[in-house]
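Here the structure comes first, spelled out in C-alpha coordinates, and everything after it is commentary.
What you see is a predicted model, and the numbers here were worked out from it, not measured in a lab. Along the sequence shown, the residues carry numbers beginning at 1.
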Amino acid sequence: MKNPIVDKSFIFAEKILNIYFFLRENNHYRLADQIVGSGTSIGANVEEAQAAQSKNDFISKISIASKEARETAYWIKLLDRKELIGDHPDFIFLQS
(Lines give C-alpha, C1' and ligand atoms only; values in the text may rest on other atoms or scores of the structure.)
Protein backbone atom coordinates (compact mmCIF):
# COMPACT_ATOMS: atom_id res chain seq x y z
CA MET A 1 0.00 0.00 0.00
CA LYS A 2 1.36 3.41 -0.97
CA ASN A 3 2.00 5.87 1.81
CA PRO A 4 1.94 9.52 0.72
CA ILE A 5 4.03 10.68 3.70
CA VAL A 6 6.77 8.17 2.89
CA ASP A 7 6.64 9.15 -0.78
CA LYS A 8 6.67 12.90 -0.14
CA SER A 9 9.47 12.72 2.42
CA PHE A 10 11.56 10.77 -0.11
CA ILE A 11 10.95 13.37 -2.83
CA PHE A 12 11.83 16.09 -0.31
CA ALA A 13 15.11 14.29 0.49
CA GLU A 14 15.95 14.12 -3.21
CA LYS A 15 15.46 17.90 -3.51
CA ILE A 16 17.59 18.40 -0.39
CA LEU A 17 20.37 16.35 -2.02
CA ASN A 18 20.23 18.57 -5.10
CA ILE A 19 20.61 21.65 -2.90
CA TYR A 20 23.43 19.92 -1.00
CA PHE A 21 25.41 19.31 -4.21
CA PHE A 22 24.73 22.86 -5.41
CA LEU A 23 25.97 24.36 -2.14
CA ARG A 24 29.10 22.20 -2.19
CA GLU A 25 29.84 23.19 -5.79
CA ASN A 26 29.74 26.79 -4.57
CA ASN A 27 32.01 26.10 -1.58
CA HIS A 28 29.31 26.39 1.09
CA TYR A 29 30.34 23.12 2.72
CA ARG A 30 29.17 23.72 6.28
CA LEU A 31 25.71 24.87 5.22
CA ALA A 32 25.46 21.97 2.80
CA ASP A 33 26.29 19.50 5.56
CA GLN A 34 23.72 21.02 7.90
CA ILE A 35 20.78 20.93 5.51
CA VAL A 36 21.55 17.48 4.12
CA GLY A 37 21.73 16.03 7.62
CA SER A 38 18.41 17.30 8.86
CA GLY A 39 16.63 17.24 5.49
CA THR A 40 17.32 13.61 4.70
CA SER A 41 16.75 12.51 8.28
CA ILE A 42 13.06 13.37 7.97
CA GLY A 43 12.39 10.65 5.43
CA ALA A 44 14.71 8.19 7.12
CA ASN A 45 12.76 8.48 10.36
CA VAL A 46 9.40 8.31 8.58
CA GLU A 47 10.58 5.16 6.82
CA GLU A 48 11.85 3.67 10.07
CA ALA A 49 8.51 4.43 11.74
CA GLN A 50 6.82 2.15 9.20
CA ALA A 51 8.47 -0.82 10.91
CA ALA A 52 7.84 0.38 14.46
CA GLN A 53 7.55 -2.33 17.06
CA SER A 54 4.89 -0.49 19.05
CA LYS A 55 2.70 2.57 19.01
CA ASN A 56 5.20 4.34 21.28
CA ASP A 57 8.06 3.42 18.94
CA PHE A 58 6.09 4.83 16.00
CA ILE A 59 5.34 8.05 17.88
CA SER A 60 9.01 8.39 18.81
CA LYS A 61 10.22 8.04 15.20
CA ILE A 62 7.60 10.45 13.86
CA SER A 63 8.46 12.93 16.61
CA ILE A 64 12.11 12.81 15.58
CA ALA A 65 11.07 13.37 11.95
CA SER A 66 9.05 16.39 13.09
CA LYS A 67 12.02 17.86 14.94
CA GLU A 68 14.25 17.33 11.92
CA ALA A 69 11.64 19.06 9.74
CA ARG A 70 11.69 22.08 12.04
CA GLU A 71 15.47 22.22 11.86
CA THR A 72 15.37 21.91 8.08
CA ALA A 73 12.86 24.77 7.90
CA TYR A 74 15.40 26.88 9.79
CA TRP A 75 18.17 26.07 7.29
CA ILE A 76 15.83 26.78 4.36
CA LYS A 77 15.04 30.23 5.80
CA LEU A 78 18.72 30.90 6.39
CA LEU A 79 19.71 29.86 2.87
CA ASP A 80 17.17 32.19 1.26
CA ARG A 81 19.83 34.58 -0.01
CA LYS A 82 20.74 35.28 -3.61
CA GLU A 83 24.45 34.77 -2.90
CA LEU A 84 23.80 31.27 -1.54
CA ILE A 85 20.99 29.72 -3.57
CA GLY A 86 19.80 32.18 -6.18
CA ASP A 87 16.76 30.91 -8.06
CA HIS A 88 17.58 27.21 -7.86
CA PRO A 89 14.35 25.39 -8.84
CA ASP A 90 14.67 22.82 -6.06
CA PHE A 91 15.07 25.56 -3.48
CA ILE A 92 11.88 27.19 -4.76
CA PHE A 93 10.17 23.78 -4.32
CA LEU A 94 11.47 23.49 -0.74
CA GLN A 95 10.12 26.91 0.18
CA SER A 96 6.55 26.02 -0.78
**Study point:** Distance-only polar pair, side chains of Tyr20 and Asn18, donor-acceptor under 3.5 Å
**Key:** no

Practice item. Report the C-alpha distance between Val36 and Ile19 in whole Å, list the side-chain angles of each, state the deciding distance to 0.1 Å, and finish with yes or no for side chain to side chain contact (heavy atoms under 4.5 Å, CB included). Key: CA-CA 8 Å; Val36 79; Ile19 294 299; over 6 Å; no

Exercise for review: Decide yes or no for Lys8 and Phe12: does some side-chain heavy atom of the first lie under 4.5 Å from some side-chain heavy atom of the second?
Suggested key: no

Practice item. Would you indicate whether the side-chain heavy atoms of Leu94 and Leu79 approach each other to under 4.5 Å? Key: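 The answer is no, as the side chains (C-beta and beyond) never meet within the 4.5 Å cut-off.
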
Point to revise | side chain to side chain contact (heavy atoms under 4.5 Å, CB included) between Asn56 and Phe58, worked out | key: CA-CA 5 Å; Asn56 285 342; Phe58 177 83; over 6 Å; no

Would the distance check show the side chain of [X] and the main-chain N or O of [Y] forming a donor-acceptor pair, the cut-off being under 3.5 Å?
X	Y	answer
Asp80	Ile76	no
Gln50	Val46	yes
Ser9	Ile5	yes

same_hphob_cluster([X], [Y]) at 4.5 Å side-chain heavy-atom cutoff:
X	Y	value
Phe91	Leu84	yes
Trp75	Ile11	yes
Phe21	Tyr29	no
Ile85	Phe93	yes

Exercise for review: Just grab all the salt bridge (Lys or Arg N to Asp or Glu O under 4.0 Å) pairs involving residues 87-96, residues at least two apart or on different chains.
Suggested key: Lys15-Asp90, Lys82-Asp87

Pairwise distance [atom1]([X]) to [atom2]([Y]) - rounded to 0.5 angstrom:
X	Y	atom1	atom2	value
Ile35	Glu71	CD1	CD	9.5 Å
Glu83	Asn26	CD	CG	11.5 Å
Ser60	Gln53	OG	CD	11.5 Å

Review point. Checking side chain to side chain contact (heavy atoms under 4.5 Å, CB included) for the pair Leu31/Leu78: CA distance, chi angles, key distance, verdict?
Key: CA-CA 9 Å; Leu31 292 170; Leu78 189 64; 4.2 Å; yes

Check your understanding: Residues two or more places apart in sequence or in another chain: which of them pass side chain to side chain donor-acceptor pair (under 3.5 Å) with Asp57?
Key ->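 Asp57: side chain to side chain donor-acceptor pair (under 3.5 Å) contacts with Lys61.
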
Review point. Which residues pass the side chain to side chain donor-acceptor pair (under 3.5 Å) test with Thr72, sequence neighbours left out?
Key: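 With sequence neighbours excluded, Thr72 shows a side chain to side chain donor-acceptor pair (under 3.5 Å) to Ser38, given in chain and number order.
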
Check your understanding: Heavy-atom count around Phe10 CZ within 6.0 Å, excluding the residue itself: above 12?
Key ->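 At most 12 heavy atoms, drawn from other residues, nucleotides or ligands, come within 6.0 Å of this atom.
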
Practice item. Kindly determine whether Tyr74 and Arg70 satisfy side chain to side chain contact (heavy atoms under 4.5 Å, CB included), including the steps that lead there. Key: CA-CA 6 Å; Tyr74 170 83; Arg70 290 184 63 86; over 6 Å; no

Check your understanding: Between Ile62 and Ala49, which heavy-atom pair has the shortest distance, and what is it?
Key ->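 Scanning both residues completely, I find the closest heavy atoms to be CD1-CB, 3.8 Å.
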
